[in-house]
Number of protein chains: 2
Amino acid sequence: MIIVGLLAATLTTSAFLPQMIKTWRTKSAKDVSYTMLITFIIGIFLWLIYGILRKDIAIILANAFTLLFNLTILYLKIKYGRTPQSKRL
Amino acid sequence: MIIVGLLAATLTTSAFLPQMIKTWRTKSAKDVSYTMLITFIIGIFLWLIYGILRKDIAIILANAFTLLFNLTILYLKIKYGRTPQSKRL
């Protein structure tokens with residue numbers, strides 16, 4: 001059972017790596033919604049608390065890394081959102 | 001404890017709604033990575049199985065809805081990815 005959880009954790013967590021790399025390469029994240037990112041970050045933080053309360057290592061690991069990656073995507077979006085290119089939209 | 005889980009589930013699930021709406025409105029999802037989407041969809045499916053195995057209603061509900069929303073984003077990305085505008089990148 002824990003194998004399924006850890007595999008799920010690895011996949012959903014690592015899914016944010018290509019997004020992070022793509023954002024960095026294209027220097028653009030205008031199609032990634034701010035509302036999504038911030039709602040998601042708060043939600044992930046709550047999942048982390050839930051995982052700790054339930055002593056569920058799959059939930060704890062998944063959400064600790066997902067939180068870190070999404071905070072990085074948010075930072076990149078804020079950084080690149082200030083360049084003139086983003087004013088096209 | 002279940003309240004924290006359900007609140008977390010509501011936030012991480014509903015985070016995909018604005019992304020879905022944004023993709024539909026801008027008719028563009030080129031900044032949303034395919035690799036991310038597909039890895040994420042497989043991961044979410046495994047979380048759903050994990051939730052069923054652990055009989056964890058917060059995990060089951062969160063992942064059932066997240067799966068549905070992400071399949072919709074994937075569909076929109078495939079659909080809009082075929083328009084000439086996307087050939088700029």
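The chains referred to below are lettered A, B, ... by the order of the sequence lines, with proteins before strands, and numbering in each begins at 1.
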Most contacts with chain B, counted as non-hydrogen pairs under 4.5 angstrom, among [options]:
{"options": "Ala62(A), Gly43(A), Ala15(A), Ala9(A)", "value": "Ala15(A)"}
{"options": "Thr10(A), Ile59(A), Leu17(A), Leu37(A)", "value": "Ile59(A)"}
{"options": "Asp56(A), Ile2(A), Ile44(A)", "value": "Asp56(A)"}

>> Taking atom CZ as the centre, does Phe69(A) end up with more than 12 heavy-atom neighbours from other residues, nucleotides or ligands that are less than 6.0 angstrom away?
In response: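 Enclosed: over 12 neighbouring heavy atoms sit under 6.0 Å from CZ of Phe69(A).
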
>> Could you tell me if the side chain of Tyr50(B) sits less than 4.5 Å from the side chain of Leu46(B), heavy atoms only?
In response: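 In short, these two side chains do not touch, never coming nearer than 4.5 Å.
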
> Is there a donor-acceptor contact under 3.5 Å linking the side chains of Tyr75(B) and Asn70(B)?
Replying inline: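 No pair is found: no donor N or O on one side chain lies under 3.5 Å from an acceptor on the other.
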
> Distance-only, no hydrogens or angles: does the Thr13(B) side chain make a donor-acceptor pair with backbone N or O of Phe65(B) under 3.5 Å?
Replying inline: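 Answer holds: no.
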
